[in-house]
Protein chains: 2
Amino acid sequence: MQLRNQVEWALHCCAILAGLPEARFLSTKDLAKLHGVPKEYLGKALQALSQAGLVEGTLGPSGGYRLAREAAGITFLDIVEAVEGKSSSFVCTEIRKNNPCRTPGMRKNGPCAIARVMWDADRAWRERLAAVSLADLARTLADELPPDQIARMGEWIEARS
Amino acid sequence: MQLRNQVEWALHCCAILAGLPEARFLSTKDLAKLHGVPKEYLGKALQALSQAGLVEGTLGPSGGYRLAREAAGITFLDIVEAVEGKSSSFVCTEIRKNNPCRTPGMRKNGPCAIARVMWDADRAWRERLAAVSLADLARTLADELPPDQIARMGEWIEARS
DNA sequence: ATATTACGGATATTTCATATCCTCAGAGAT
DNA sequence: ATCTCTGAGGATATGAAATATCCGTAATAT
Ligand code: FES
Ligand code: FES
């Protein structure tokens, strides 16, 4: 089991967008160049983010994407689910129904006990992702990245207005 | 992202094995019939459990599998990792290295802040799975399943000794 | 000796992630 | 008005991985 590469790309793109000057858009082309990933395919991920209402895109020259809400209101979970989907990593195919010993009666059994454990773990995973916002991430990055790199990023963005 | 079907199969098989009489083996064929899954492919999952030291197999007629240790000593995480692998669901491809603005110096950066959040969530998922043992599951099932179904399972197993 | 079983390798099939290409409509610059 | 640049979205190709089957071997019980 493995998450898509799109997830890493989307998270990094959102991190960039969160650090953008107010009302500034950044194009797919620039985001792709910034991360060294194929422009066309990254576009799909950004479209997913757009459809989820996390970012908004605008057309034409000087177009691109920006966050649709404040960074504090967008969590890792929002981004992951936009790209990867909201369905649990564990899918129960109800193989217990194939047990020849099962009670044939119309007893409505709830979900399988095994599935409940797996879904519970999945919920814990999502809760942890929902606990971190883009604002939190921006704070961490501002604290960790070398100041000169942050400055260079500012110039790089400024250069393509 | 989606876990393999093998995971559901392996968990259900372990649940059965946990309810087996002492020193009793159950063959792949019977386990496959019990769950309505392809015997050959289920065999691969059981081999993975065997290689992980969770179950042990014996050859010949009346051969098959049984738990290698007490049910209380085998967790959901053990089983999931035996089938699905121990590597995190999130893989960081270090796309930050592609950033043209990155500091070229030999500053040893630790893992990316984004990856840390994702790995942290993955750890929470695994911790939750490690918190439930086969003994816990057996207790839940004994409490939830209709008594007549449990009795029929006993007969079914007894019938193929 | 025979039948049965786990084990492991080889291979086919299907599904999905990855990647590219193309068309369309909206937005800005000239 | 015209042209260029952009995101949106569909169609399609490619590769890897999950799913599934088959076969040969060794070990075990009868
Ligand atoms: S039947 Fe799907 S997890 Fe038990
Ligand atoms: S570089 Fe991989 S998550 Fe940041």
Side-chain angles (χ1 to χ4, degrees), chain A residues 1-10 13 17 23-33 35-68 80 82-85 87 89-91 93 95 160-161, chain B residues 1-10 13 17 23-33 35-68 80 82-85 87 89-91 93 95 160-161:
Chain A
M1 178 208 41
Q2 197 170 302
L3 290 166
R4 303 186 188 159
N5 281 13
Q6 302 247 31
V7 172
E8 186 184 6
W9 303 355
C13 285
L17 294 181
R24 176 77 167 77
F25 291 86
L26 202 56
S27 72
T28 302
K29 183 173 54 166
D30 289 338
L31 285 169
K33 200 168 300 181
H35 295 117
V37 298
K39 167 174 100 68
E40 317 273 358
Y41 194 32
L42 175 63
K44 301 295 184 185
L46 294 171
Q47 281 172 34
L49 294 178
S50 172
Q51 199 166 9
L54 304 180
V55 305
E56 55 185 6
T58 191
L59 297 180
S62 81
Y65 291 98
R66 71 178 168 195
L67 293 188
V80 170
V83 171
E84 193 69 36
S87 58
S89 61
F90 179 80
V91 292
T93 62
I95 59 175
R160 34 212 90 200
S161 287
Chain B
M1 178 209 39
Q2 197 170 302
L3 291 166
R4 301 187 184 147
N5 280 20
Q6 303 245 30
V7 172
E8 186 185 7
W9 303 356
C13 286
L17 294 181
R24 174 78 167 79
F25 291 86
L26 202 56
S27 72
T28 304
K29 183 173 57 166
D30 290 337
L31 284 168
K33 202 168 298 179
H35 295 118
V37 299
K39 169 174 99 69
E40 316 274 358
Y41 193 34
L42 175 63
K44 300 296 182 185
L46 294 171
Q47 282 173 36
L49 294 178
S50 173
Q51 199 166 8
L54 305 180
V55 305
E56 55 184 5
T58 191
L59 295 180
S62 80
Y65 291 99
R66 72 177 169 196
L67 293 188
V80 170
V83 171
E84 193 69 38
S87 58
S89 60
F90 180 82
V91 293
T93 62
I95 59 174
R160 36 212 90 200
S161 286

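Reminder, nothing fancy here: chain letters follow the sequence lines and each chain counts from 1. What you see is a predicted model, and the numbers here were worked out from it, not measured in a lab.
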- Note on the structure: The answer to which of B/G43 and A/W9 contacts DNA chain C further toward the 5' end, by nearest nucleotide, is B/G43

- Message: So does B/M1 get a backbone contact from the side chain of A/E84, meaning a donor-acceptor N/O pair under 3.5 Å?
- Response: yes

- Item | Atom of B/K33, atom of B/R160 and distance for their closest heavy-atom approach | CD-NH1, 4.4 Å

- Query: Closer to the 5' end of DNA chain D via nearest nucleotide, is it B/Q2 or B/S62?
  - Reply: B/Q2

- Message: Nearest whole Å is fine: how far is C/dT18 C1' from A/H35 NE2?
- Response: 19 Å

- Message: Regarding D/dG9, can its base be found pairing with the side chain of A/Q47 as donor and acceptor, where the two atoms are less than 3.5 Å apart?
- Response: yes

- Atom OH of A/Y65 and atom C1' of D/dC5: how far apart are they, to the nearest Å? 14 Å

- Query: Hey, does the side chain of B/R66 reach the backbone of B/V55 with a donor-acceptor pair shorter than 3.5 angstrom?
  - Reply: no

- Message: In whole Å, I'd like the distance from the OH atom of A/Y41 to the C1' atom of D/dG7.
- Response: 18 Å

- Query: Hey, is the side chain of B/T58 poking within less than 4.0 Å of OP1 or OP2 on D/dT28, counting only N and O atoms?
  - Reply: no

- Hey, does B/G64 reach any base, or is it just sugar-phosphate, or nothing, if we go heavy atoms under 4.0 Å? sugar-phosphate

- Item | Options D/dT21, D/dA29, C/dT20, nucleotide nearest the side-chain atoms of A/P38 | C/dT20

- Round to a whole Å and report the spacing from CG of A/D30 to C1' of D/dG7. 14 Å

- Polar pair under 3.5 Å, donor/acceptor by atom type, side chain A/K29, base D/dG7: no

- Interatomic distance, B/F25 CZ vs C/dT4 C1' [rounded to whole Å]: 15 Å

- Task: Quickly work out the A/L59 CG to D/dT6 P distance and round it to whole Å.
- Result: 11 Å

- Can you tell me if the side-chain N/O atoms of A/S50 get under 4.0 Å from OP1 or OP2 in D/dA8? yes

- Task: Write down the distance between CG (B/L49) and C1' (C/dA6), rounded to a whole number of angstrom.
- Result: 13 Å

- Task: Give a yes or no on whether a donor-acceptor pair under 3.5 Å exists between the nucleobase atoms of D/dG7, that is its base, and the side chain of A/K44.
- Result: no

- Let me know the distance between CZ of B/R4 and P of C/dC16, rounded to the nearest Å. 15 Å

- Task: Could you work out which one of C/dT4, D/dT19, C/dT18 sits closest to the side chain of A/Q6?
- Result: C/dT18

- Is the distance from OP1 or OP2 of D/dA18 to the nearest side-chain N or O of B/N5 less than 4.0 Å? no

- Can any side-chain N or O of A/E8 pair as donor or acceptor with the backbone N or O of B/T93 at less than 3.5 Å? yes

- Give the minimum heavy-atom separation between A/F25 and A/S62, together with the two atoms involved. CB-O, 4.1 Å

